[in-house]
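The structure under discussion appears below in the form of structure tokens.
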Amino acid sequence: MKKAILTSICAFGLVGTAWAETAPTSELPIKVFAGANVAMTMPMWSNDLNDMMDQINTELSGLNLGLGAEAGIKFGATDKIYNFGVSVAYDYMFDSAANIGYPYDQLVSEISTGFSTISIYFDNYIRFADNAGKRSDLVLGVGYTNGTERIRMAATQLGYEYGLDTTDGDDTGSFIGLKIGYLQQITSNLDFSAMLRIFIPTVSEGDLDSIFNVSAGIRYNF
């Protein structure tokens, strides 16, 4: 049994060595990248939450500004139409205030909401143009996102007198992340990216129907 195993290992080693000597090293190049972006986020609030806000004459914010960072690995040669990869992204959406109408603005001075997400994607890069060796790619991705919704409610002095209090809370949930975007190679190490990402909650009964995130940024390829 030992000789059979040793013989198999030796044969595997000889075949592997021969393959390594003949296989082109550029068959599946790997690029590691890191990037940063600025973004606008548009939460799509659920009908139930909007109905509740209507009862207190309040409109939640539909726009949050934010910053993001990403890192990943891209597989494939520059001259190939199709490349693929995996990436991880972190997004922070700043708090944005709701519009509180009369008479409830006499009791509540602020209702603000914000978000943060961390996502992992499987990415597809499809080249649709090549100008002087610089790729232009359509980017399609799908992944999993863990997101946190933040909310702050601040009471006025009159609100305190009626028993309200200032509260800060957050809620975490899971989303399916979809990505479609444009990637333009600037130099051998630098890319410009413009992305639309859609986060869809995995649970339907919540504050959000979806979140849309539009970003523009730069990637550096190591």
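Here the structure is a predicted model, which is why all the values come from computation and not from measurement. Numbers here are sequence positions counted from 1.
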Who passes side-chain contact (heavy atoms from CB on, under 4.5 Å) against [X], sequence neighbours left out?
X      : value
Tyr82  : Phe84, Phe122, Asn124, Ile126
Ile100 : Thr58, Tyr104, Asp105, Val108, Ile111
Val214 : Met42, Leu196

Membership question, hydrophobic clusters at under 4.5 Å side-chain separation (ILVMFWY): are [Y] and [X] in the same one?
X      : Y      : value
Val38  : Tyr92  : yes
Ile30  : Phe222 : yes
Ile176 : Ile198 : yes

>> If you apply the rule side chain to side chain contact (heavy atoms under 4.5 Å, CB included), what do you find for Gln185 with Thr78, and how did you get there?
In response: CA-CA 10 Å; Gln185 186 178 9; Thr78 303; 4.3 Å; yes

>> Strictly by side chain to side chain donor-acceptor pair (under 3.5 Å), give each pair with a member in residues 128-141 just once, sequence neighbours left out.
In response: Arg135-Asp137, Ser136-Gln184

>> Considering only residues two or more places apart or on different chains, which pairs with a residue in residues 38-57 satisfy side chain to side chain donor-acceptor pair (under 3.5 Å)?
In response: Thr41-Asn213

>> My understanding is that only one of Arg152, Met153, Glu110 makes a side-chain contact (heavy atoms from CB on, under 4.5 Å) with Thr166; could you say which?
In response: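 Looking at Arg152, Met153, Glu110, the match for Thr166 under the side-chain contact (heavy atoms from CB on, under 4.5 Å) is Arg152.
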
If you draw a 6.0 Å radius around [atom1] in [X], do more than 12 non-hydrogen atoms from other residues or ligands fall strictly inside?
X      : atom1 : value
Ile81  : CD1   : no
Tyr102 : OH    : no
Gln106 : CD    : yes

>> Do the side chains of Lys179 and Asp123 get close enough for a salt bridge, i.e. N-O under 4.0 angstrom?
In response: yes

Could you tell me the separation between the [atom1] atom of [X] and the [atom2] atom of [Y], rounded to the nearest 0.5 Å?
X      : Y      : atom1 : atom2 : value
Leu63  : Phe212 : CG    : CZ    : 13.5 Å
Ile73  : Ser87  : CD1   : OG    : 10.0 Å
Ile118 : Tyr144 : CD1   : OH    : 10.5 Å
Leu178 : Leu140 : CG    : CG    : 10.0 Å
Met44  : Leu49  : CE    : CG    : 12.5 Å
Ser96  : Leu60  : OG    : CG    : 10.0 Å

Least distance between heavy atoms, [X] atom then [Y] atom:
X      : Y      : result
Pro201 : Asp209 : CD-O, 3.1 Å
Ala89  : Tyr121 : CB-CE1, 4.3 Å
Ser174 : Thr202 : OG-OG1, 2.5 Å
Tyr90  : Ser116 : OH-CB, 3.9 Å
Leu208 : Ile211 : CD1-CD1, 3.8 Å
Ser61  : Pro43  : O-CG, 3.8 Å

> Are Asp79 and Arg127 close enough, and set up right, to give a salt bridge (Lys or Arg N to Asp or Glu O under 4.0 Å), and what steps lead you there?
Replying inline: CA-CA 9 Å; Asp79 60 349; Arg127 189 192 71 203; over 6 Å; no

When you measure from the side chain of [X] to the backbone N and O of [Y], does any donor-acceptor pair fall under 3.5 Å?
X      : Y      : value
Asn64  : Phe94  : yes
Thr148 : Thr172 : no
Asn189 : Tyr220 : no

>> Clusters formed by hydrophobic residues whose side-chain heavy atoms approach within less than 4.5 Å: which one holds Val139, and what are its other members?
In response: Phe33, Tyr125, Leu183, Met195

>> side chain to side chain contact (heavy atoms under 4.5 Å, CB included) for Leu65 and Met93? Distances and angles first, verdict last.
In response: CA-CA 6 Å; Leu65 300 180; Met93 301 83 161; over 6 Å; no

> With a 4.5 Å limit on heavy-atom distance, are the side chains of Asn221 and Val32 in contact?
Replying inline: no

>> Working note: Ser109 + Thr156, criterion side chain to side chain donor-acceptor pair (under 3.5 Å); need CA distance, chi angles, decisive distance, verdict.
In response: CA-CA 5 Å; Ser109 61; Thr156 64; over 6 Å; no

> Can Ser210 and Phe175 be said to form a side chain to side chain contact (heavy atoms under 4.5 Å, CB included), step by step?
Replying inline: CA-CA 9 Å; Ser210 58; Phe175 299 77; over 6 Å; no

>> I need the single residue from Asp170, Thr113, Asp168, Asp95 that forms a side chain to side chain donor-acceptor pair (under 3.5 Å) with Arg150. Which is it?
In response: Asp95

